[in-house]
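First comes the structure, then the notes that go with it.
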Amino acid sequence: MLKKRFRMRWPTTWRHLLAAMTNERDHASWSLFCERYSAVLHQFCRARGLQSADADEVVQMVLIAVNRQISRFDYQPNRARFRFWLMKVLNRSIWKVRHRRREDFLAEPNGLEHPGGDDLLEFGEAVFEVAVQRVRPEFTREEWEVFERTWRRDEPHALVADTLQRRISWVYRTKFNILHRLEEQVVLLSADIASPGGLTG
């Protein structure tokens, strides 16, 4: 669990991508969706305690569900957001993988139908951790230490500047640059759009 929440806006332009995905011949849009979401879905599953192989299976199940039902996409701003529907499919897939070896495969609990706030927070954290993995190579070890100490651990900027023998302005600027790149990646990985109309998990 992150010590801090990464506060930011969530984009609305992904409706164009999902709309493009309704065209079965638009392989580029589908590939882009898989590229951006696979890592986030996998990270979410791992945070839920799944082994890597089981997480891979869940990701495949979710992508198959999206692929099969995206043709019924209908952007309606007053409908539930896409990530709410995605969370329903994701939670249901996780449940199935965890309980697949039961002789009596019971119907899924009702709680899986309505993702709660904790689910969405965990999904947001999965997005953030994938963004961290992508951004980390862009910065030096010293620069990343600034981020870890000032943002993750809330250490005073003056203390960090002193121990690193850097100007405090450099510490502030480094932290800002990393947070800016993280925000760009989170926006790229996220979706806050209306749910495809009529979709069911």
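One-based numbering along the sequence shown. Only a predicted model underlies this, so the values are computations on that prediction, with no experimental measurement involved.
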Side-chain heavy atoms of [X] within contact of [Y], under 4.5 Å:
X	Y	answer
V132	R152	yes
I178	W151	no
I94	L50	yes
L86	L41	yes
V135	E184	no
F139	R181	yes

* Do other residues, nucleotides or ligands put more than 12 heavy atoms under 6.0 Å from the CD atom of Q60? -> no

* Look at atom CD of E155 and say whether more than 12 heavy atoms of other residues, nucleotides or ligands are closer to it than 6.0 Å. => yes

Expected output: side-chain [X] to main-chain [Y] donor-acceptor under 3.5 Å:
X	Y	value
T163	V160	yes
R46	G49	no
R173	N177	no

* To do: With side-chain contact (heavy atoms from CB on, under 4.5 Å) as the test, would you mind laying out the steps for E145 and T140 before giving the verdict?
  => CA-CA 9 Å; E145 181 180 348; T140 66; over 6 Å; no

* Asked: With sequence neighbours left out, what residues match A126 under side-chain contact (heavy atoms from CB on, under 4.5 Å)?
  -> V40, Q43, F44

* Any residue meeting side-chain contact (heavy atoms from CB on, under 4.5 Å) with I168, in chain and number order, not counting sequence neighbours -> H157, A158, A161, Y172

* Asked: Think R166 forms a cation-pi with W170, using NZ or CZ under 6.0 Å from the six-ring centre and within 45 degrees of its axis?
  -> yes

* Path from W144 to V171 over hydrophobic side-chain contacts below 4.5 Å -> no

* Asked: Which word best sums up how the rings of W30 and F33 line up, parallel for under 30°, tilted for 30 to 60°, or perpendicular for over 60°?
  -> parallel

State the [atom1]-[atom2] distance between [X] and [Y], to the nearest 0.5 angstrom.
X	Y	atom1	atom2	result
R98	R48	CZ	CZ	7.0 Å
K96	N91	NZ	CG	12.5 Å
E148	R136	CD	CZ	8.0 Å
L32	Y37	CG	OH	11.0 Å
R167	T174	CZ	OG1	13.5 Å
D54	C45	CG	SG	9.0 Å

* Quickly, which of V62, L63, V59 forms a side-chain contact (heavy atoms from CB on, under 4.5 Å) with S93? Name it, please. => V62

* Asked: Hey, mind stepping through V89 and V66 against side-chain contact (heavy atoms from CB on, under 4.5 Å) and telling me if it holds?
  -> CA-CA 9 Å; V89 177; V66 174; 5.7 Å; no

* Closest non-hydrogen atom pair between K175 and V146, with its separation -> N-CG1, 4.2 Å

* Structure fact -> Those residues at least two apart in sequence (or on a different chain) that pass side-chain hydrogen bond (donor to acceptor under 3.5 Å, both in side chains) with D56 are H42

